[in-house]
4 protein chains.
Amino acid sequence: MAASMNRVILAGNLTRDPELRFTNDGVPVCNFGLAVNRRRSKDDDAVDFFDVTVWREQGEAVANYKTKGDPVLIEGRLQYRSWEDRDSGQKRSKVDVVAENVQFLGGRGDGNGSSGGSGAGSGTKAGARHGRGGDDVDLNEEDFDDIPFRHRQPRLTAL
Amino acid sequence: MAASMNRVILAGNLTRDPELRFTNDGVPVCNFGLAVNRRRSKDDDAVDFFDVTVWREQGEAVANYKTKGDPVLIEGRLQYRSWEDRDSGQKRSKVDVVAENVQFLGGRGDGNGSSGGSGAGSGTKAGARHGRGGDDVDLNEEDFDDIPFRHRQPRLTAL
Amino acid sequence: MAASMNRVILAGNLTRDPELRFTNDGVPVCNFGLAVNRRRSKDDDAVDFFDVTVWREQGEAVANYKTKGDPVLIEGRLQYRSWEDRDSGQKRSKVDVVAENVQFLGGRGDGNGSSGGSGAGSGTKAGARHGRGGDDVDLNEEDFDDIPFRHRQPRLTAL
Amino acid sequence: MAASMNRVILAGNLTRDPELRFTNDGVPVCNFGLAVNRRRSKDDDAVDFFDVTVWREQGEAVANYKTKGDPVLIEGRLQYRSWEDRDSGQKRSKVDVVAENVQFLGGRGDGNGSSGGSGAGSGTKAGARHGRGGDDVDLNEEDFDDIPFRHRQPRLTAL
DNA sequence: TTTT
DNA sequence: TTTT
């Protein structure tokens, strides 16, 4: 078997308010867009855009405390998905980011009000809304494999 | 201006022979596919697939010494591209990996014949072919901005 | 609270055979040295040396399958320790690497016999010995905090 | 030759004001301490401390705009050094961090006034002082190997 | 679909 | 489009 590694670290800003949903088993999953400025040369205004998924407590913290425009630092892995386009029938695929660690930037000091993706649950940021009415969230069953099963908000949103 | 960071590290195997092309200015650019095994739980045979771009000397070294199946370790950044689909006219986008450092794995010892993406240019691996007849390579002009201009193989392949 | 991140990725070769010890609770901990070639310019033969700690199953796998000279790819975090020198009484400190993921390089293919830091337990590599008679292993109690308690080899070696 | 990689990413706060010095050739080099909170479990107040070196423009920007306590995000490599202790004559060694990319955190938004380690040189932060009277800076000759030679502030401070 |  |  070959050596394998898959690690990504990104710092940028949310391109939209995070959406929080739940699997049938009540596992929270948060999705948001991330813009990372390239800034390689001074007259380079290019931007890279990514879709980010955060599971469980950290996902809830992002949904509760972060909104469009907020800066975050994330560490995670790249995830490839492929599917068949319902219309054209042709194969499509996509690479997005599964964040395992989200650090809140911005605010006083270094920009960290509630810090490091924890967050109590009270005092959520004004404007943060919990996604509802979900079509097409990127859930991968294998993400559930190695994690202690927990029934938190059973069946709030079918995925 | 916000903090930005974009770093990715992957280890996996080539899914196809690398293709080497040249910009009009003769800058070498190499493309290959990379398969990274997920192996999170023992019965997890999921795989993530990525498209990788390597510029200049390192790109040439990959093209000269690596073929389908070979293991590599790469360090680089994620790059987002978007375009309009010529047929459907709908907007499409893609995230791929620009490798700035390619380490050859496999072989005796740790698997490193000519090592670390250097490699003279002679004695290329049997089976390694230089891409020819190129349509649709992912070239981004900004990649040329901060690099000393060099005319190496002028105009071999139009991109 | 400020944003914090601590991530390190290294590829190099063992500078000595790994030593395996156990805490009083029977938790395995493996230590080895790692040499990483700098190779920045072709006539650069500089090398960076690090001390690496690997806990639990992965530590056992390293001890069972790897010996001096073997190439590995590790992902982990940096750990700072400080103490008072018993002789001079002056304060000393050290930074070493705690590996959370060890990938075996070298061997056929990409150099991976038993792969990715798993390894059964039988058929250990000739020459791999389990450290015994331990003074001065770098154990940090906080490493035990977030990990399910397990009695594996109770009290084999006192630390 | 074996595969080698050396990459580190840290986010934390300066433990002291940065010191800026210059090599005999006038190359700026900045040194500061970095504290990274471990925060693994909620009652974990452990901290890891590192010494960081930043060369050239980025080093100047850090010295001009950052002071003790400020949050930064850095990307770089680990560097090992060894020497003989002048008193005891015994061998000593140390691992520190050479930052190749420093992102300023903190401030409004995400905490980035002058952003990403650029910064003109005017309007330096009150309290930022340029190190003077230097003994024992960690200069490694090989750091100069692959960089275009530049005479910026010739011989301001002997090292 | 796009953030500062 | 997919590697060991």
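Below, read A as the first sequence line, B as the second, and so on, with proteins coming before strands; counting in each chain starts at 1. Just so you know, these numbers come straight off a predicted model, no measurement behind them.
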Would you mind telling me which of [options] lies closest to the side-chain atoms of [X]?
X: B:Asp51; options: F:dT1, F:dT3, E:dT3; value: F:dT1
X: B:Lys91; options: F:dT1, E:dT3, E:dT1; value: E:dT1
X: B:Asn13; options: E:dT3, E:dT2, F:dT3; value: F:dT3

Atom-pair distance ([atom1] on [X]; [atom2] on [N]), nearest Å:
X: A:Phe50; N: E:dT4; atom1: CZ; atom2: C1'; answer: 16 Å
X: B:Asp48; N: F:dT1; atom1: CG; atom2: P; answer: 17 Å
X: B:Gln90; N: E:dT1; atom1: CD; atom2: P; answer: 10 Å
X: C:Leu73; N: F:dT4; atom1: CG; atom2: P; answer: 19 Å
X: A:Phe32; N: E:dT3; atom1: CZ; atom2: P; answer: 15 Å
X: A:Trp83; N: F:dT2; atom1: CH2; atom2: C1'; answer: 16 Å
X: B:Leu10; N: F:dT3; atom1: CG; atom2: C1'; answer: 13 Å
X: A:Arg16; N: E:dT1; atom1: CZ; atom2: C1'; answer: 7 Å

Q: Determine, stepwise, if the pair A:Arg77 / B:Asp48 fulfils salt bridge (charged side-chain N to carboxylate O under 4.0 Å, His left out).
A: CA-CA 10 Å; A:Arg77 59 188 171 84; B:Asp48 294 294; 5.0 Å; no
Which part of the nucleic acid does [X] contact within heavy-atom distance under 4.0 Å: base, sugar-phosphate only, or nothing?
X: A:Val47; value: base
X: B:Gly12; value: nothing
X: A:Gly33; value: nothing

Q: Would you check if D:Glu75 and A:Ile9 make a side-chain contact, meaning some heavy-atom pair closer than 4.5 Å?
A: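 D:Glu75 does not reach A:Ile9 side chain to side chain.
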Q. Mind checking whether B:Leu105 and B:Val72 have side chains closer than 4.5 Å, heavy atoms only?
A.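 No, too far: nothing below the 4.5 Å cut-off.
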Q: Would you sort out whether B:Arg7 and B:Glu100 count as a salt bridge (charged side-chain N to carboxylate O under 4.0 Å, His left out), showing the intermediate values?
A: CA-CA 10 Å; B:Arg7 184 67 17 195; B:Glu100 294 158 352; 3.1 Å; yes
Q. Any donor-acceptor pair under 3.5 Å between the side chain of A:Asn37 and the base of E:dT3?
A.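 Indeed, a donor on one side and an acceptor on the other fall under 3.5 Å apart.
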Q: May I ask whether A:Phe49 stacks on the base of E:dT2, given the cut-offs of 5.5 Å between ring centres and 30° between planes?
A: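 Stacking is present between E:dT2 and A:Phe49, given that their ring centres fall under 5.5 Å apart and the planes under 30°.
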Q: Looking only at non-hydrogen atoms, find the nearest pair between B:Pro18 and B:Cys30 and report the distance.
A: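 So the minimum-distance heavy-atom pair works out to CB-SG, 3.6 Å.
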Q) Under 4.0 Å between a side-chain N/O of B:Lys68 and OP1 or OP2 of F:dT2, yes or no? A)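 Indeed not, no polar side-chain atom of B:Lys68 lies that close.
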